[in-house]
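First the structure, in the form of structure tokens, and then the observations on it.
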Amino acid sequence: MGKGSFAFPVSPERALALGEIHARPYALVKSERVIVQLAFMMDGGSAVHHSALAELSRARGVAVPDRNARHHAMPWGQGTLRWERHTEFSTWFWDGPLPDAFGGEILVHPFGDGFSAPGPLMSGIRLEIRRDGPEVEAAMQLFDLTSLCYSDVKNGQATVITDFRQDGDGLTRILVVDRSLSEAGRGALVQRLLDIETYRTLAMLGLPLAQTLSPDIRRIEDGLTAVTQRMKAHAREEADSMLAELTRLAAELEANAALSLYRFGASRAYEGIVRERVKALDEAPKPGYEMLGSFLERRLAPAMRTCQSVEERLANLSRKLSRATSLVRSWIDVELERQNSALLATMNRRAEMQLRLQQTVEGLSVAAISYYIVGLIGYGAKAISHDLLPVDPAVINGLSVPLAVLGVWWVVRRIRKSHGEGH
């Protein structure tokens, strides 16, 4: 419930919607700092990451965060350790005082012997913010010229230098030359550079999967081609075996599609974030050097196109398998209809034969019953004395024959007629 004049019932989702806008505020970063950010995958679940964070918090005498918390910060040495939980990874950000030289040893940091990694390391970044001076020229000599990116950002307020190579600790090296950035502007630039490297690495996770799936897709395509070639020559004779083969191929394809669905979708999302962060840098080229945006476009775009190509092949192949399966099923359905028609014709012939047999049996039944009735009448006539019955019993037998036959026939006809009306 709101307060004051606007005391209206509040939607339960309102707090989440409003809080999301401020979920990732830029840290206020001072100049002349070194920043280390590690990104660990959540393969073991978020509980493992919370446990590692809780252990560090207790060691520093800081309150343990709630299990559902997405952010946490604590002082560490002459800097701050910031933790953030994402969908499939968590980031550990720490800033501290610069070493004497670029790439020099950091004496105090939270990722030493007492730190327990909560999952596989996916991204590691070492970013140094330095003022322009002789040490920057010395630092330039440490970068690989074959992949060196060197550009001005923020209308010349800073310069970014990196080769996307890893140092001896396995961390990607980035140098920011600060000329006139504010603390907020410095924090925004740092966050964008960290996001570019982190999400660039995560976006590339789709490429190994795409390369693994390509041979399987090719094999399924060859299998589908073989089945469709058989359709032209042996459609009716081998429909059942072809349907079984198509079903097997479709099941294998769907298993691969289910395996890649999330990974390819995540890679697209991560690539979109990288493009947004690069655009926000507002780069200006340095003569003779490549910008971050053009370097990443040249290296990241082919990998993403490969993932997109594999995803499209999966979708197209699924549609082709569906059409081929429908075609084979239609032939099977036609064959079943033909068999059903033949079965119905056979049943009709059997019904006609049963009707004729029934009629024959009825005729024989009339004769047999009449025979027994006439016999009974004969026995009765013979039992009567000649004084009481002056007629010869044989005559009575002879006269009773047509009467018995007609009577039995009439009764049988009535019974059959009543049965027919009942149906």
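A distance-only check finds no donor-acceptor pair linking the side chain of Arg275 to the backbone of Glu297 [under 3.5 Å]. Although no hydrogens or angles enter the test, the distance criterion places a donor-acceptor pair under 3.5 Å between the side chain of Glu283 and the main chain of Gly293. Remark: side-chain polar atoms of Asp163 are not paired, donor with acceptor, to backbone N or O of Leu145 under 3.5 angstrom. Looking at Arg277, its side chain never comes within 3.5 Å of a backbone N or O of Ile196 through a donor-acceptor pair. Proximity of a side-chain donor or acceptor of Glu32 to a complementary backbone N or O of Arg131 within less than 3.5 Å is detected. Without hydrogens or angle criteria, Asp66 side chain to Asn68 main chain gives a donor-acceptor distance under 3.5 Å.
Ion pairing of Glu197 with Arg200 is present here, as a side-chain N (NZ or NE/NH1/NH2) and a carboxylate O approach within less than 4.0 Å. We find that Glu128 and Arg173 are not joined by a salt bridge, their nearest charged nitrogen and carboxylate oxygen being 4.0 Å or further apart. Using a cutoff of 4.0 Å between basic side-chain nitrogens and carboxylate oxygens, Asp222 and Arg219 are not scored as salt-bridged.
Here the CZ atom belonging to Arg165 is positioned 10.5 Å from the OG1 atom belonging to Thr172, to the nearest 0.5 angstrom. Atom-to-atom distance recorded for Leu246:CG and Arg323:CZ is 12.5 Å, nearest 0.5 angstrom. Rounded to the nearest 0.5 Å, atoms CG (Asp144) and OG1 (Thr162) are 10.5 Å apart. Rounded to the nearest 0.5 Å, atoms CE (Met74) and CH2 (Trp83) are 10.0 Å apart. The OG1 atom of Thr306 sits 7.0 Å away from the CD atom of Gln211 when rounded to the nearest 0.5 Å. Interatomic distance, SG of Cys307 versus CD of Glu312, reported as 11.5 Å (0.5 Å rounding).
Phe40 is listed as a side-chain neighbour of His49, based on a closest heavy-atom distance under 4.5 Å. Side-chain contact between Val310 and Ser260: absent, with no pair of heavy atoms (C-beta onward) separated by less than 4.5 Å. Using a 4.5 Å heavy-atom cutoff, the side chains of Leu202 and Ser123 are not in contact. Side chains of Arg82 and Asp95 form a contact here, defined as non-hydrogen atoms less than 4.5 Å apart. Under the 4.5 Å side-chain criterion, counting only non-hydrogen atoms from C-beta, Ser151 is in contact with Leu292. In this structure, Val34 and His109 have side chains that are not in contact, with every pair of non-hydrogen atoms separated by 4.5 Å or more. Looking at heavy atoms from C-beta onward, Val160 lies out of side-chain contact with Cys149 at the 4.5 angstrom threshold. Put simply, the side chain of Leu300 reaches to within 4.5 Å of the side chain of Glu271, judged on heavy atoms.
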Practice task
Start with the C-alpha gap between Asp216 and Leu253, add the side-chain angles, then the distance that decides, and say whether side-chain contact (heavy atoms from CB on, under 4.5 Å) holds.
Solution key: CA-CA 8 Å; Asp216 292 339; Leu253 180 68; over 6 Å; no
Problem - side-chain contact (heavy atoms from CB on, under 4.5 Å) evaluation trace for Glu221 with Arg218 - result: CA-CA 5 Å; Glu221 289 173 338; Arg218 181 61 182 171; 3.8 Å; yes
Handout entry: side-chain hydrogen bond (donor to acceptor under 3.5 Å, both in side chains) evaluation trace for Gln191 with Asp195
Key = CA-CA 6 Å; Gln191 189 62 60; Asp195 285 350; 3.0 Å; yes
Exercise for the section: With side-chain contact (heavy atoms from CB on, under 4.5 Å) as the test, would you mind laying out the steps for Leu148 and Glu290 before giving the verdict? Expected result: CA-CA 7 Å; Leu148 180 61; Glu290 192 169 15; over 6 Å; no
Practice task
Please report the C-alpha distance between Leu205 and Met41 in whole Å, then the side-chain angles of each, then the deciding distance to 0.1 Å, and finally whether the side-chain contact (heavy atoms from CB on, under 4.5 Å) criterion is met.
Solution key: CA-CA 12 Å; Leu205 289 179; Met41 300 299 289; 4.3 Å; yes
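Residue Arg350 places its CZ atom among 12 or fewer non-hydrogen atoms of other residues, nucleotides or ligands, all under 6.0 Å distant. Crowding of Lys286 atom NZ: a count of heavy atoms from other residues, nucleotides or ligands under 6.0 Å exceeding 12.
In this model, a donor atom of one side chain and an acceptor atom of the other lie less than 3.5 Å apart for Arg230 and Ser241. A donor atom on one side chain and an acceptor atom on the other are found under 3.5 Å apart for Thr346 and Arg349. For the residue pair Asn256 and Glu252, no side-chain donor N or O sits within less than 3.5 Å of a side-chain acceptor on the partner.
Residues Val36 and Phe111 share a closest heavy-atom pair of CG1-CE1, 3.9 Å. Residues Gln166 and Phe164 come closest through the heavy atom pair NE2-O, 3.4 Å. Scanning all heavy atoms of the two residues, the minimum distance from Glu254 to Ser318 falls at OE2-OG, 3.4 Å. When all heavy atoms of Phe102 and Leu142 are compared, the pair lying nearest together is O-CD1, 3.6 Å. For the pair Leu321 and Ala250, the tightest heavy-atom approach, listed with the atom from each and the gap, is CD1-CA, 3.8 Å. The nearest pair of heavy atoms linking Pro97 to Arg33 is N-NH1, 3.6 Å.
Checked against ring pair (Phe, Tyr, Trp, His ring centres under 6.0 Å), Tyr150 has the following partners two or more places apart in sequence or in another chain: Tyr289. For the side-chain hydrogen bond (donor to acceptor under 3.5 Å, both in side chains) test, residues two or more places apart in sequence or in another chain that qualify with Arg319 are Asn316.
Applying side-chain contact (heavy atoms from CB on, under 4.5 Å) to Ile125 and the options Leu193, Ile35, Val190, Thr198 leaves one that passes, Thr198. Checked against Asp152 for a side-chain contact (heavy atoms from CB on, under 4.5 Å), the options Met291, Gln157, Arg179 give a single hit: Arg179. Each of Leu189, Val29, Ile174, Leu171 was checked for a side-chain contact (heavy atoms from CB on, under 4.5 Å) with Leu127, and the lone residue meeting it is Ile174. Across Arg305, Arg263, Arg268, a single residue satisfies salt bridge (Lys or Arg N to Asp or Glu O under 4.0 Å) together with Glu311, and that is Arg268.
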With a cut-off of 3.5 Å and sequence neighbours excluded, list every side-chain donor-acceptor pair involving residues 51-65.
| from | atom 1 | to | atom 2 | distance (Å) |
| --- | --- | --- | --- | --- |
| Ser57 | OG | Leu53 | O | 2.9 |
| Ser57 | OG | His72 | NE2 | 3.3 |

